[in-house]
Amino acid sequence: MNSMMTNVEVARRIVAENNGQLERESLHAFADILVYRKYKKGERILDEGEVCTCMRYIEKGLTRQFYYKHEKDLTEHIAYEGGLVICLESYLKQAPTHLMIEALEPTVLWEINKADIEQLAATYNDIGVLYRKFFEFSLIESQVKADTLRFEPAHERYNKLLQLHPEILKRAPLVYIASLLQMTPETLSRVRSSNLNS
């Protein structure tokens, strides 16, 4: 599976999806640092103990971030086309990660290397603003998710995911969706069926 898009097209899409604006020269400089990668279904993109040295933009496919706790596999995040995947703590500290990333479908990613984007952000003001937006978006998304898990009952959590990310409910295995929503597969089945019947 090859990319159907050029680096510049991907750069334009990343900028648009993060509500950014780049001058032509900045856009081309940004496009030049994007690195194309593809992964098979089930392939590990980032492993425990590795350092997250880049953000990853998903052109096509589905990825899952997860970790192990007491021998259990827990899903932290599921992303698909248009998503930026990053293990934030590992990325910012340049320290080994506990979070792993795997492809749930055949996946095409574009890597944005930390050293490269930081050099561009220091050179081009508009890229500096875009880079900040990547973090803002990631932090807001994390906060919304944390609040949902903290304050909302199971059916509300399911409905919020249905409203914000219907693709995940269509494409991800149920066991991972249940883990993402911090409920058992049985509870998820109950919530889904009561939704269909209401």
Side-chain angles (χ1 to χ4, degrees), residues 13-14 17-19 39-50 52 54-93 95-110 133-198:
R13 193 184 273 189
I14 294 171
E17 280 167 359
N18 288 278
N19 300 325
Y39 295 90
K40 298 185 188 81
K41 179 179 176 175
E43 199 173 344
R44 197 63 61 86
I45 296 164
L46 186 71
D47 224 330
E48 187 170 20
E50 292 179 348
C52 180
C54 60
M55 298 180 169
R56 294 167 169 91
Y57 173 79
I58 304 174
E59 180 191 327
K60 187 166 176 39
L62 190 72
T63 67
R64 170 175 92 107
Q65 281 166 274
F66 67 103
Y67 60 97
Y68 290 110
K69 185 177 178 182
H70 308 311
E71 314 284 298
K72 270 181 75 172
D73 165 334
L74 300 171
T75 299
E76 170 86 11
H77 187 64
I78 295 173
Y80 51 90
E81 290 82 8
L84 264 183
V85 182
I86 178 172
C87 295
L88 203 56
E89 188 180 8
S90 173
Y91 181 89
L92 291 173
K93 291 181 176 173
T97 183
H98 297 296
L99 275 180
M100 291 157 275
I101 307 173
E102 69 175 359
L104 295 180
E105 295 174 357
T107 296
V108 171
L109 297 175
W110 293 82
K133 285 187 177 192
F134 293 159
F135 291 117
E136 285 168 10
F137 187 76
S138 178
L139 291 167
I140 289 167
E141 197 175 30
S142 296
Q143 188 63 52
V144 167
K145 196 164 94 214
D147 289 348
T148 301
L149 293 173
R150 215 177 277 134
F151 302 120
E152 295 181 8
H155 68 277
E156 292 286 341
R157 278 180 260 160
Y158 177 83
N159 285 336
K160 186 164 266 184
L161 189 64
L162 182 63
Q163 179 196 338
L164 297 176
H165 299 291
E167 281 299 306
I168 292 176
L169 293 170
K170 280 188 213 138
R171 292 160 60 184
L174 285 183
V175 61
Y176 298 151
I177 296 170
S179 178
L180 180 70
L181 294 171
Q182 290 187 9
M183 54 178 87
T184 63
E186 294 74 30
T187 303
L188 177 60
S189 294
R190 267 203 310 280
V191 169
R192 281 176 68 136
S193 58
S194 72
N195 251 40
L196 293 172
N197 298 329
S198 61

Notebook entry, point to check: Taking atom CD of Glu17 as the centre, does the number of heavy atoms from other residues, nucleotides or ligands within less than 6.0 Å exceed 12?
Noted result: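 Yes, because the 6.0 Å sphere around CD of Glu17 holds more than 12 heavy atoms from other groups.
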
Notebook entry, point to check: Around atom CZ of Phe134, are there more than 12 heavy atoms of other residues, nucleotides or ligands at under 6.0 Å?
Noted result: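 Enclosed.
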
Next item on the list: Check the pair His98 / Glu89 against side-chain contact (heavy atoms from CB on, under 4.5 Å), numbers first and verdict last.
Entry: CA-CA 10 Å; His98 297 296; Glu89 188 180 8; 5.7 Å; no

Check: Below 4.5 Å, heavy atoms only, C-beta onward: do Arg150 and Asp147 meet side chain to side chain?
Finding: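 Result yes, sub-4.5 Å side-chain heavy-atom pair found.
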
Notebook entry, point to check: Can Tyr91 and Phe135 be said to form a side-chain contact (heavy atoms from CB on, under 4.5 Å), step by step?
Noted result: CA-CA 11 Å; Tyr91 181 89; Phe135 291 117; 3.7 Å; yes

Do [X] side-chain atoms and [Y] backbone N/O form a donor-acceptor pair below 3.5 Å?
{"X": "Gln65", "Y": "Ile86", "value": "yes"}
{"X": "Ser90", "Y": "Pro96", "value": "no"}
{"X": "Thr148", "Y": "Val144", "value": "yes"}

[X] and [Y] ion-paired at < 4.0 Å:
{"X": "Arg157", "Y": "Glu152", "answer": "no"}
{"X": "Glu50", "Y": "Arg44", "answer": "no"}
{"X": "Asp73", "Y": "Arg64", "answer": "yes"}
{"X": "Lys133", "Y": "Glu136", "answer": "no"}

Testing the basics here: between [X] and [Y], what is the closest heavy-atom pair and its distance to 0.1 Å?
{"X": "Ile168", "Y": "Ile78", "answer": "CD1-O, 3.5 Å"}
{"X": "Ile101", "Y": "Val85", "answer": "CD1-CG1, 3.6 Å"}
{"X": "Gly42", "Y": "Glu102", "answer": "O-OE1, 4.4 Å"}
{"X": "Ile14", "Y": "Asn18", "answer": "O-ND2, 2.9 Å"}

Notebook entry, point to check: Is there a donor-acceptor contact under 3.5 Å linking the side chains of Glu48 and Tyr68?
Noted result: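 There is no such pair between these side chains.
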
Next item on the list: Scan side-chain atoms only and decide if Gln163 and Asn159 contain a donor-acceptor pair under the 3.5 Å cut-off.
Entry: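 No, because no side-chain N or O of Gln163 sits under 3.5 Å from a partner of the opposite role on Asn159.
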
Check: Step by step, would you call Leu104 with Tyr80 a side-chain contact (heavy atoms from CB on, under 4.5 Å)?
Finding: CA-CA 10 Å; Leu104 295 180; Tyr80 51 90; over 6 Å; no

Margin query: Between Leu46 and Arg56, does the side-chain contact (heavy atoms from CB on, under 4.5 Å) criterion hold? Intermediate values first, please.
Written below: CA-CA 11 Å; Leu46 186 71; Arg56 294 167 169 91; 4.2 Å; yes

Note to self: Rounded at 0.5 Å granularity, tell me how far CD1 in Ile58 sits from CG in Leu84.
What the structure shows: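 Answer rounded to 0.5 Å: 8.5 Å.
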
Checklist line | Rounded distance (nearest 0.5 Å) linking atom CD of Glu167 with atom CG of Leu161 | finding: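 With rounding to 0.5 Å, CD (Glu167) is 11.0 Å from CG (Leu161).
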
Throw together a table of side-chain donor-acceptor distances under 3.5 angstrom for residues 173-180, partners on residues two or more places apart or in other chains.
from   : atom 1 : to    : atom 2 : distance (Å)
Ser179 : OG     : Thr75 : N      : 2.7

